[in-house]
Structures are given as structure tokens and as C-alpha cells.
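In what follows, a single structure is set out as C-alpha cells and then discussed.
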2 protein chains.
Amino acid sequence: MTAKEMAAALCERGVRPTPQRLAVYEFLCMHPIHPSADTVYEAVVEHNPHFSRTTVYNSLRALMQAGLVQELSMDADEKHYDANTSLHGHFHCRHCGSITDFPLEPTMVQSLTPTGYTALGQGIYLSGLCPACQP
Amino acid sequence: MTAKEMAAALCERGVRPTPQRLAVYEFLCMHPIHPSADTVYEAVVEHNPHFSRTTVYNSLRALMQAGLVQELSMDADEKHYDANTSLHGHFHCRHCGSITDFPLEPTMVQSLTPTGYTALGQGIYLSGLCPACQP
DNA sequence: TTTTTAGTTTGTAATGATTACAAATATATA
DNA sequence: TATATATTTGTAATCATTACAAACTAAAAA
């Protein structure tokens with residue numbers, strides 16, 4: 001996705017494409033590593049030394065409310081952010097620490113849902129060893 | 001599970017069954033509501049006004065390390081605790097706020113795991129409407 | 001039983017992520 | 001250009017959790 005397309009994506013969702021919001025969104029799109037707010041801040045402040053931590057939180061909230069970014073609660077210590085808003089799960093490697101997406105079909109979520117319940121959202125987290133870290 | 005059985009469970013796992021740890025474990029077993037540390041504290045301090053918040057955290061950590069209690073990261077704002085250590089998922093009702101367990105088969109987790117990965121743990125969270133809150 | 005030792009609890013202080021807030025700045029509209 | 005609105009910024013506050021050291025308890029040794 002080009003910078004122009006990202007700006008268009010924000011406009012479409014009613015989010016004014018300020019340079020700061022674009023920087024946050026661009027970083028999330030270009031680095032699908034599911035960073036924490038602080039990791040995003042460290043990255044964007046490199047290019048703009050005046051960037052405020054609060055602006056990162058504000059931007060993440062705006063992007064989330066617009067449905068452009070997803071918030072992950074993998075560990076309860078800090079939140080992680082993901083610009084991939086399609087249905088997918090997250091695998092956390094206990095060895096190298098990486099967090100990778102994996103595909104998830106709507107039918108799989110449906111088959112997990114107990115009868116009588118209506119699932120509107122999901123968080124599917126697996127942890128273990130990624131292919132590069134197999135013993 | 002009786003109080004005696006709970007004490008025995010701690011001993012088996014090498015956790016000294018102090019009154020404080022038993023109070024925490026007993027509350028978790030008798031109230032499968034997936035409480036936060038603070039909810040546990042509020043409950044146990046009722047019976048022992050000298051109970052310290054730190055002791056709740058210490059006890060929860062000891063019970064967790066012994067494999068008697070599970071830590072949940074449903075929302076990233078606070079951790080929740082569960083004395084049910086068998087394989088299961090969690091459903092969070094957006095209307096009434098309840099968190100309920102639902103069954104999960106090892107084969108279901110296996111079928112989610114992408115090839116090349118080894119899953120050692122999982123957190124399967126669904127959110128939506130529970131049976132009592134259907135529209 | 002007394003002494004010693006290790007483990008546990010407690011209260012307070014520190015930490016760290018996140019949010020609240022108000023002033024400063026930028027953008028859009030009239 | 002003037003005016004209203006939205007956004008950014010820095011600082012201070014909040015809140016869950018952890019660190020720490022003193023007080024306490026219980027188990028082991030003498």
C-alpha cells in the first residue's frame with residue numbers, strides 16, 4: 001500500500017490524515033510486527049523529534065475507532081497494535097519472541113462458539129515455537 | 001472441592017498451604033467468575049482485614065507457578081485469574097460483562113495451528129452476547 | 001523446649017503503561 | 001482574512017503491578 005493509498009484509507013473512514021496519524025499508520029502497515037505503543041513511538045520519533053507519546057496513543061485510538069487498526073491483548077503488560085484488520089489469529093514464539101499472523105476461517109470461529117452464544121469478535125492466540133525456532 | 005482437598009492440592013504442587021493462599025485459591029475455585037486481582041482482594045479482605053494486596057499478588061503468582069491457576073489477558077487493562085486449568089476457551093459477554101468458560105478439544109487447537117508451528121499454549125477468547133443477553 | 005533457619009506476609013515506595021488536561025498549533029470553513 | 005474546530009504537545013495524574021525491607025510465622029535443628 002502506497003502512502004497515498006494510506007491517506008485515502010484514513011479519509012474514507014473519516015479520519016483526517018494528519019502527518020502524525022499517517023506516520024503511525026504507515027509504520028504499522030510497513031512493519032507487521034505487532035508493536036507496542038512505545039515501539040511505534042520510538043520509530044516515528046526518529047523522523048520527527050517533536051513527536052509526542054500522547055499523539056501516538058491518540059492516533060492509535062483514532063485508527064482503532066475507524067476500524068483501521070486492531071488492538072491485541074496478548075500479554076496483559078502492554079497492548080500491541082496490528083494494521084491487519086482481516087480475520088486472523090496470532091502466534092507468539094516463546095523462543096524468538098516474534099508475533100505472526102495466521103489465517104482463520106469464519107467457520108472455524110463459528111465451530112468454536114458454543115450453542116446459544118453469539119460471537120461478535122474474537123482473539124485467538126497460540127504460543128509455542130515458530131518454524132525458525134523448532135528444536 | 002472441599003477446603004481439605006484444596007489444601008492437599010497445594011501441598012501436592014509444593015505450595016505451602018498458608019491461610020492466605022488457601023483463601024485466594026478457595027475464592028477462585030468457589031467463584032469461577034475470572035476475577036481480577038483486585039476483586040480477589042476485596043473478597044478475601046472481608047474475612048481477614050489484615051490481608052494485604054501484595055499477598056494476593058504473591059499468592060496468585062505462587063498458585064500460577066504451581067499450575068493451579070491460570071492468568072487471562074482478555075483485556076489488557078487488568079489480568080484475570082481462573083482456577084480451571086483444563087483446556088477451555090473464554091467467552092466475554094459485551095452486554096452483561098460476564099466471562100464464561102466453554103469447552104475446547106485438543107484437536108480444535110491443533111486444527112488452528114499452522115503447519116510448521118508447534119503450539120504449547122493457547123488463549124481462545126470470544127466476545128459477543130451470552131445466552132441470557134440475546135436480543 | 002529453645003534456637004536457628006527459611007519462607008511468608010505486610011505496608012510502603014517505586015515502576016511503567018496509559019490517560020486527563022489545558023495550552024499551543026494547525027486546519028477547515030465562513 | 002477571520003473564525004471555529006480539530007489536533008498536537010508536554011506535563012501531571014491514574015492505576016495495576018512489582019520491588020523491597022521489616023515483621024512475622026512455621027519448620028528444622030540443637
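Sequence lines set the chain letters: A, B, ... in the order given, protein chains first and strands last, and positions in each chain run from 1.
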Under 4.0 angstrom, heavy atoms only, what part of the nucleic acid is A:Ala62 near: base, sugar-phosphate, or nothing? nothing

Looking at every strand, decide which applies to A:Asp38 at a 4.0 Å heavy-atom threshold: base, sugar-phosphate, or nothing. nothing

Nearest whole Å is fine: how far is [N] [atom2] from [X] [atom1]?
{"X": "B:Arg53", "N": "D:dT18", "atom1": "CZ", "atom2": "P", "result": "14 Å"}
{"X": "A:Arg61", "N": "D:dT7", "atom1": "CZ", "atom2": "P", "result": "11 Å"}
{"X": "B:Glu42", "N": "D:dC15", "atom1": "CD", "atom2": "P", "result": "14 Å"}
{"X": "A:Glu78", "N": "D:dA16", "atom1": "CD", "atom2": "P", "result": "18 Å"}

Of A:Ser52 and B:His80, the one whose closest DNA chain D nucleotide lies more 5': A:Ser52

Is any side-chain heavy atom of A:Gln70 closer than 4.5 Å to one of A:Tyr81? no

Are the side chains of B:Leu10 and B:Leu63 in contact, using a 4.5 Å heavy-atom criterion? yes

B:His88 vs B:His90 aromatic rings, parallel, tilted or perpendicular, using cut-offs 30° and 60°? perpendicular

Side-chain donor/acceptor of [X] to backbone N/O of [Y], under 3.5 Å:
{"X": "A:Gln134", "Y": "A:Leu129", "answer": "yes"}
{"X": "B:His34", "Y": "B:Ile99", "answer": "yes"}
{"X": "A:Arg21", "Y": "A:Arg16", "answer": "yes"}
{"X": "A:Tyr25", "Y": "A:Ala83", "answer": "no"}

First encountered from the 5' end of DNA chain C, between A:Ser36 and A:Asn58: A:Ser36

Interface residues of residues 10-31 of chain A with DNA chain C (non-hydrogen, below 4.0 angstrom): A:Arg16

Grouping ILVMFWY residues whenever side-chain heavy atoms fall under 4.5 Å, the cluster of B:Tyr57 otherwise contains none

Any B:Lys79 side-chain N or O less than 4.0 Å from OP1/OP2 of D:dT18: yes

Could you check whether A:Asp77 pairs with B:Lys79 (Lys NZ or Arg NE/NH1/NH2 to Asp/Glu carboxylate O, under 4.0 Å)? yes

When you list every nucleotide of DNA chain C with an atom under 4.0 Å from a heavy atom of chain B, which one comes first 5' to 3', and which comes last? C:dG7 to C:dT12

